[in-house]
Each structure stands twice: as C-alpha cells, then as structure tokens.
There are 2 protein chains.
Amino acid sequence: MMTASSAPVRQSSVRAHNLALVLQTVANSADPISRAAVAAATGLTRATVSALVDDLIAGKLLVEVEPAPRSGAGRPAAGLRLAPDGPAGLGLEINVDYRAACVVDLTGRIRHRLVEAGDQRPVGAGSALAALSLLATEARRRAEADGLTVAGAALAVPGLVTGDDTVRIAPNLGWLDVAVGELGGLPVAVDNEANLAALSELGTGELPPSFVYISGEIGIGAGIVLDGALFRGVRGWSGEIGHLAIDPDGPPCRCGARGCLEQYAGQEAMLRAAGAATVADLAAADLSTAGHALGTAIAAVVNLLDVGTVVLGGIYAPLLPRLRDAIGAEIDRRVLTADWSPVQLRAASYGPDAAMRGAAGAVIRGVLDDPAGWLARTRA
Amino acid sequence: MMTASSAPVRQSSVRAHNLALVLQTVANSADPISRAAVAAATGLTRATVSALVDDLIAGKLLVEVEPAPRSGAGRPAAGLRLAPDGPAGLGLEINVDYRAACVVDLTGRIRHRLVEAGDQRPVGAGSALAALSLLATEARRRAEADGLTVAGAALAVPGLVTGDDTVRIAPNLGWLDVAVGELGGLPVAVDNEANLAALSELGTGELPPSFVYISGEIGIGAGIVLDGALFRGVRGWSGEIGHLAIDPDGPPCRCGARGCLEQYAGQEAMLRAAGAATVADLAAADLSTAGHALGTAIAAVVNLLDVGTVVLGGIYAPLLPRLRDAIGAEIDRRVLTADWSPVQLRAASYGPDAAMRGAAGAVIRGVLDDPAGWLARTRA
DNA sequence: CTCAAATAATTCAACCAATAAACAAATCCG
DNA sequence: CGGATTTGTTTATTGGTTGAATTATTTGAG
C-alpha cells in the first residue's frame, strides 16, 4: 500500500545507486566528461566519483578517452565515455512478415543487424522461434567476435505478453500461449512491440520523460512512458488502444464490439477507405476519417494521462503530415487543457527497426540502471 | 531520461529510507507489532530496527502499547503502533454547496470534522477561501487542544490545479486562476477532489496498489493510483474523463465537443434522462444509458492502463447496483483482456467525506513517506 | 521451586561507503 | 620560471548497518 518499496537499504545499495548515478551521468553527456564534472553534476565528492569510476572502468562499462580540447589553466581532464566494447544488448523481433535480430552496444550504436523476410504466420510459433534462435546465435557470434559481451536478450512481439516470457496472444501471428524460453542460448525478456518501440524513442534523448508512442500497424498499440520509465500496467497489458470506442454505431470489429479505432485507423481500414493497394499509396489519399478517429483516441489518452507529447510510429510516421490537421482538430476540441499547453505531435525517429532496437535498448538500459548487478556478474 | 533519480545517496538517505520502511511496516500491520517482527518483515537487523524505532518513538510517530496476548515461551514483545497523538493532517474541501475541514490523526481516525453548508458560487473565491481559513483555524485549534500537532494542510477542489497551490480552473465553482496560499496559518497543498478521494480509498488498505477511482458529481473525474501512488500526470491534470468521446454525433457539451461522457453519465444528464428531481430519485430509475456510457469510458481506461479494479464514488457509489450490468457489458465487449482477468467494480467506501478525508490523508501520508523530514522538523 | 529453553530487546566491536581536507599531478599564463 | 588553477588521489573521520554476544523476561519440565 505504501511507497517505500518494501526492501531494506544496506550500505551496498548506496553504492549500487551511486554507481548507476555516475554511469548515467556519463551516458547522458553528449561529450566525454571528466570525473570532476560528474562530481559537480551529481553532488557526489570527487573522491567518491573516482572510486566509483574505477569500478566502472574495471567492469568495462566506461573507458577513458583522450582529454577533450582544453581551455584555461589546470590539469587536463581525462574524458569518460560509455565503453563501446563492453556489454551489449541482443534485440529480437518477430512480426507478421519478417524476423530480425540486432546487437546494440552500450553507446546505442547498432553493431550488427540481421533480417529474414518471410511470412511468419504459416510457419507456426515453434518453427518461427527455432529460426529466430539460429538468427540470435549468429548475431551473438558476430558480437563476440567483436569483443562484445552479450548481456541479455529481449524479444518484441505484436501481442500481449505475461510474466516476461509468455506470449498470451498475438492475433496477427496466430499465436496463443507461447512460452519463449531461451533463444540463442540466452534467457529472453519478451515484450510488446509498441512498448519496446516507445523505449527506443526514449533512447533518442530528444523526448520529454513522459510521452505516448502510438504504433500503427495491422493492429494499433501504444507504449506509455511515464517519468522516463515504461508503464506496463498491472499485468503488462497497458496501451491497448486499438479497440477504443470511436463510434458506438460504427462498423463491427473482429473483437466483437463496434466502432473500434482499428476500424478507422488500422492499416487495413485505411487501405480500404482510400481504395489503395499498398501503404505507399496512402501518401496521396484523403486520410481525414482515420485522422479524426486517431485524434479522438489521442484526446482520450491525453485527457486521462496528461502527457504533453505523442509520438506516431509505424505507418503513421510517414503519413503524419496528412494526418496532423485532423488529429489536431480533435485534440483541440476534446482536450480541455490544450489551451494552456498544446499537445506536441511528432513522427517517430526510427522506422521499422524501432521495436527491435528498443528490445536491445531494454537490455542495455537494464545494465545502465543496475551496473552493480552487471559488475557482480562479470566478477563471478 | 534515465531513471536513477538524479540525486546522490548519502548514508543519511539510507537512514531516512529505513525509517520510512519501519514506520510503514508498523502502519500496515493490523495489530500491534513487535520490533522483532518488524525486523523479520523488513529484512533489517533487530539491532537496526531497535535504533530506528527509538527515533520514531522520540519523534512521537510510534508508541509502545501493552504486549499483545502471548502464546508460547519467551520474553513478551512490546507492541508498536502508530501514535494517535503525534502529527495530524488537516483536510480541507471546497465544493459547490459546502465547505469543510477535518483533522485526521496518524492512525487514520477522523478526530474533528467541521462542515458549513451553503452555495459557494455566488460568494466568490476570495470570500470562500477566507471563510474556509476560519474553519481551518478552528479545526486546528481543536486539534491542538487534543495534543495533536498539525503537520500540514491539503485542500480538495473540483477543478484543475497547477503547481501545488493554484486552481487553474474550477468550472462548477466559477474559479479561474486562484492562488490559494495559506489557510489557517498553514501552507496548503491543493489538489483535485477525485485525486484526493482516490487516495482516501487507497488508505482503506482493501484495494490493490493500482486502481482508478471515478468520481461522479456535476462533473466526472478520475483519480489514478498506480503502484500505491497517485499518478498526477505531467502537469497534474490526469484523469479528466468527463469529456471522453462516447458518441461523435451525440448531444453537444458545454466544452464545445459532442457526445462527451458528461452528457450521458453526469449528474445533470442522469437527472434529465430519468425525469428525476433529486439524486435520491435515481435509485429507482432506468440508468442503462448512463451505465453503457460509463462502461465505454471505463473500458477505455482499462485498455489503456491495464488496471484491474475500478472504484465508483460520488453519486455512482449508491447507484452501482443499478449501473453494474450495463458497465459490465461494455467492459466485456471492449476489453480484450477481460477474459483472462475480469475487472473488479466496487463502490467507494467513503461517502461525501472522501475528498476531504483524502486531503488529510495526503498530509499524513507525507509524514509516513518521509518520517526523517518530520523528525528534523520537530527537533528544530 | 528451580532450571533449561525460548523469545525479545540492547550493547558493542567491526565494517562499508561517503565525506572533507590535504596532497600530488599536470597544465596555463604572466 | 613560478604562481595560479584545475584534476585526480590519498588519508583520517563519520554515519549507519551488521553480527555476535549479552541481558531481560517469560513458559514449561522435572
């Protein structure tokens, strides 16, 4: 009921917290940063920072680089940066028409990227996962050939996930209650693609700490980021906006209800309405119906969560210029607070790689959030 | 961007955290609890718990009570309970037709309660607040006569609040940009009534850590509790569900849009639809239109946030038996995950006092969450 | 009635991590 | 070249938890 997260704090937790603090201060700095600057930024002592940095360097999380071009008097600073050859994250994705794997290092750079196109639906969950496991193994092999250590793996799926490793239902893949287990010899954290894509957007550093990412694909999902952390809901099923009711008398939806958002702004509905064959054709179509529906849904999200920024991803990203007016009109009409602080609409920065990149990012974020755990692992 | 809340942790923070941990462990225990049991529950050492408890007793946050009826051998335990005569919270409320104040002690008991009925709209913000300040002073006087120390005050208003002390807009009071400042000689934290009512429900201890409280009054608002903490949104304007779109072609709303929830399930709409004069008359009316609208909105909330419990307060609480079927039908239709884990609908435990009680509760929760801060204040 | 067993709470030395202040290193500038 | 300046390290101190030993208070068995 109360908030003091019922775990005791021992001294070692202090160190764990401060290790994370130092590491993240370095991570958030655009340029290499000195120990002294970290101390100033965090409020810790230079002595403490030095001690912490020693640990982080020994654990291959930070590296010292050439002193930055100097100015003024004084001993030159040694620059600190995230280690490009330390732990890395393995990001995996299975979607309707491809499977993919990538390796992202601590600095956020994609080091390897493997994609296999092909319809995953007829294959079945077992074979699809077996093939993905091979892909994961290959990605891992390449990463280790580079001197990277794969710290973990995460998998993005278009569906509902429970308990971190079971796909409860993925309608568009035809999956039901699929336990993922290990892939490429690593335990895998499974999550919804919209959630992970939201994380990858967060990783750009160009967004406020709270926003909602809307993923437009065959289905429509939302990834909710509050205060810099993904909000998953009680069972991990937050962000299911595809079946928000837009019009109680609207067209029937395969979910059994009527007038769901997907019936107006889902990929298939948009193609049908525009008489278009491919997503590319939509760029020239009239999307006002979809836009108004999407705007109504976004207004609901903003009214409920009071987020100031909405990121549109998936097929919406390239179509945003044509959707913006209709969405904006609904927001202005339906969001009471829009007068005081307008809602920002943005297109996603990453294209189809967003979810996979977010999956890898989730792994490295785990290391960045708990470096002490990583250091303990490496020592063992 | 990252999560390690950019403050360094010094050793004293460890103590502050553990003080809160011990205090809350005692608070969450139904019966008096021994130091040894606290140690077992928290994972701290008995020695540490003893030292922390000494501080908490010295600061009038805990008291030792008679050993509980024993069983078995061994030295009898000294029971610990929250102090009934330590800090107390002053809860204030201004609503359309009354103003009120109450004093709640650490244990959650209402010690004093003052209500003045009367339409607050013609009075204007200034006079209403001045009158409330007198009420607050009187409540505080009575509390201190009991030996209580008023730790702070919070005010519930039916409107949007910014920056903890300014009412941006309260449509039903006719307030616009009202800065509250001090009342009864205390700085006041202002918050939305639905938020505070939600907190009071959380305080019952009978709810899961995540739920949504829906307040049905003239307007409709929601208080969102996630993981035991109120979720306020970026600017504190979360939970504005009164203007969720139910039907794009529905009746026009005073907000400028059409088919808002308030036009179906707001107090005035329900009275009009039922041809009733008072809220009491609704108990016998057909509320299916309101119920379906409410159910549609609740389905949206659940799809978005994945909360498993919805608490209905305000005028909805007594009407829940008549609303339940319609709400449930919409939830079943529109919430994909309802098959796996059904959404619980509950009536609120507290009646009209909920918001005021929650305001007082917010104050004592502040003490419970940061006992170290309170101890520092008392020593000064 | 006395003594062993059991449980509660306190005392005390050890330890861990951060701090503050002094010190060493490396550069700039007059 | 020498003082000023900034970075980074060393060392003694301090705050806070731990673990073991100690004291306190009861039940129950002989």
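These figures come from a predicted structure and were not determined experimentally. We name chains A, B, ... by the order of the sequence lines, and we start the count at 1 in each one.
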>> Measuring from the side chain of B:L52 (C-beta onward, heavy atoms only), which nucleotide among C:dA17, D:dT26, D:dT17 has the closest atom?
In response: D:dT17
>> Measure CG/A:D54 against C1'/C:dA18 and give the value in whole Å, please.
In response: 15 Å
> Looking only at N and O atoms, is any donor in the side chain of A:R75 or the base of C:dA26 less than 3.5 Å from an acceptor on the other one?
Replying inline: no
> Rounding to a whole Å, what distance do you find between B:L21:CG and D:dG16:C1'?
Replying inline: 15 Å
>> Of the listed nucleotides (C:dA9, D:dT7, D:dA20), which one gets closest to any side-chain atom of B:A78?
In response: C:dA9
> Does the side chain of B:P84 reach to within under 4.5 Å of the side chain of B:L106, using non-hydrogen atoms?
Replying inline: no
> Between C:dT19, C:dT7, D:dG16, which nucleotide gets closest to the side-chain atoms of A:A47?
Replying inline: C:dT19
> In whole angstroms, how far is the C1' atom of C:dA9 from the CD1 atom of B:I33?
Replying inline: 15 Å
>> What's the closest nucleotide to the side chain of B:S50 if the choices are C:dA9, D:dT26, D:dG8?
In response: C:dA9
>> Under 3.5 Å, is there any donor-acceptor pair linking the side chain of A:R46 to the base of D:dG8?
In response: yes
> Whole-Å distance between C:dT27 P and A:E66 CD?
Replying inline: 11 Å
>> Are the side chains of B:L23 and B:L62 in contact, using a 4.5 Å heavy-atom criterion?
In response: yes
> Can you find a pair of side-chain heavy atoms, one from A:L186 and one from A:V150, that are under 4.5 Å apart?
Replying inline: yes
> Does the pair B:R232/A:D306 count as a salt bridge with the N-to-O cut at 4.0 Å?
Replying inline: no
>> Just to be sure I understand the rule, does A:T48 reach a base, reach only the sugar-phosphate, or reach nothing, if contact means heavy atoms closer than 4.0 Å?
In response: base
>> Check this for me, if you would: do B:R35 and B:E64 make a salt bridge, where the nitrogen-to-carboxylate-oxygen distance has to be below 4.0 angstrom?
In response: yes
>> Rounded to whole Å, please give me the gap between NE2 in B:H17 and P in D:dG15.
In response: 21 Å
>> Please confirm whether the shortest side-chain N or O distance from B:N18 to OP1 or OP2 of D:dT17 is below 4.0 Å.
In response: yes
> Counting only side-chain N and O atoms of B:T45, is one of them less than 4.0 Å from OP1 or OP2 of D:dT17?
Replying inline: no
> Atom CZ of B:R15 and atom C1' of C:dC16: how far apart are they, to the nearest Å?
Replying inline: 16 Å
